[in-house]
Number of protein chains: 2
Amino acid sequence: MAKISFREQVLRVREDAIITSVNRLLAEKGFDSMTVDEVAADVGIAKASLYKHFASKEALAAAAMVRVLARTLEHMNTLTGRPELTPVQCLRSVTGWALQLQLAGEMPALPSQNSTLRATLVSDTAYLDRLNEVSEQMGAWIVAAQADGSIDDTLPPELVLYTLFARACDPVPGVMQASGQHTDERIIEWVLQTCFNGLRKS
Amino acid sequence: MAKISFREQVLRVREDAIITSVNRLLAEKGFDSMTVDEVAADVGIAKASLYKHFASKEALAAAAMVRVLARTLEHMNTLTGRPELTPVQCLRSVTGWALQLQLAGEMPALPSQNSTLRATLVSDTAYLDRLNEVSEQMGAWIVAAQADGSIDDTLPPELVLYTLFARACDPVPGVMQASGQHTDERIIEWVLQTCFNGLRKS
DNA sequence: GTCTATAGCCAGATAGAC
DNA sequence: GTCTATCTGGCTATAGAC
């Protein structure tokens, strides 16, 4: 039993290293430009070994998405335990956390057009479950924020949800960072400000 | 002379048809997923004939971008002749025009990561010139709007410019449109509202 | 489970006849 | 300039030895 558990731990560590490489490469080059050869080289193992762990390139990307969603949920759970935070403050915290991830080059970017990738994702329950969980919690915060007046209640909650999701992949912070004239913190603050001011009642 | 001019006209019409197909396919599938075979099939000519008009797949995309930028400039020129419009109203008009284009499936989408494409674009003066012209006019409106108080003057003008550019490629309107619950006009109005409210002084 | 080597495929680009 | 046919390279995925 202990032996099996140990082997499983080794397996998980190896797979975690793979996902870390995939995550970084996805953030850097995007799904289409990322090659499996690059992933293998980055991890330091042979390409064929990769396919013993993950069935396809799409499965690699899905695993990266699952991990980032799981970490997002972890961050969200640290917020639900703090009743002094208002709903909009929670939303702002999550969005800011995602922006930090993006500026650190650790936000995997998936093209919405690629059909084979979408097919893999929509049949991946681990991915769908976590995505649903994130959406549910965000949605609850959104309607609460609309009820307390900090977000315009004439906006459809889905619009607000999609808008916040979109901010996590927005090119604007990356371009501002590339100009090199501002700190990451200030860039994030500006994006959060323009985003949440826009969602307020006008 | 007339003969040459006629031939040139035929050539331009054919190339215009090519660009129209490329534009639509770029909007629909993105650069990486679009294939030159598809373009040729859509235009109704052989692939080799395409390469008599454009040197590469990247050149096709660049031509599509040049045309959309040129049309954007046309729209902007209709605004500069109307002194009753405030700077922020001009910015809003241009952004709304781009959103219309996007919801009509005619906004070509280029991945910012693809390096060969970027290399072609940065050495394409027709593209760079038009991009500069758009940026200059938008920038002038932005600083004017900051001067008259309709846009927060503590925001760097580049941030505002990039934010408006980003809205033209934002996934949010497309997702909202796909839900089928709202008209294009209402979706555009919501996006413009959340965008420009966010840029106002708070 | 790891490796080397390779199969199989697809897409960008071109040759050469007309 | 247009076509058919083909080349070429790169990428996903796998075979098979260890």
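Taken residue by residue, residues 21-45 of chain A places heavy atoms nearer than 4.0 Å to DNA chain D at M34(A), T35(A), V36(A), D37(A).
Under the side chain to side chain donor-acceptor pair (under 3.5 Å) criterion, D129(A) pairs with no residue at all, not counting sequence neighbours.
For N114(B) and dG12(C), the CG to P distance is 11 Å, given to the nearest whole Å. We find that NE2 of H53(A) is positioned 7 Å from P of dG1(C), with the value rounded to whole Å. To the nearest angstrom, P of dT12(D) lies 10 Å from CG of L60(A). Regarding L11(B), its CG atom lies at a distance of 9 Å from the C1' atom of dG1(D), rounded to whole Å. In this structure, CG of L117(B) is placed 14 Å from C1' of dG12(C), rounded to the nearest angstrom.
Residues D152(A) and Q193(B) have side chains in contact (heavy-atom distance under 4.5 Å, counting atoms from C-beta outward). In this structure, the side chains of V191(A) and D170(A) stay at 4.5 Å or more apart for every pair of heavy atoms. Counting heavy atoms from C-beta on, the side chains of M76(B) and M138(B) come closer than 4.5 Å. With a 4.5 Å cut-off on side-chain heavy atoms, F196(A) and L91(A) count as touching.
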Using nucleotides 14-17 of chain D, report all nitrogen or oxygen pairs with the protein that are shorter than 3.5 Å.
none

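Taking the six-membered ring where tryptophan is involved, the planes of W97(B) and H75(B) are essentially parallel, since the angle between them stays under 30° and well short of 60°.
Regarding contacts with the backbone of dC3(C), a side-chain N or O of S49(A) is found under 4.0 angstrom from either OP1 or OP2. For R14(A), a side-chain nitrogen or oxygen approaches OP1 or OP2 of dT2(C) to under 4.0 Å.
Rounded to the nearest 0.5 Å, atoms OG1 (T183(A)) and CE (M176(A)) are 10.0 Å apart.
For the residue pair D184(A) / Q100(A), no side-chain donor-acceptor distance below 3.5 Å is found, with atom types taken as modelled.
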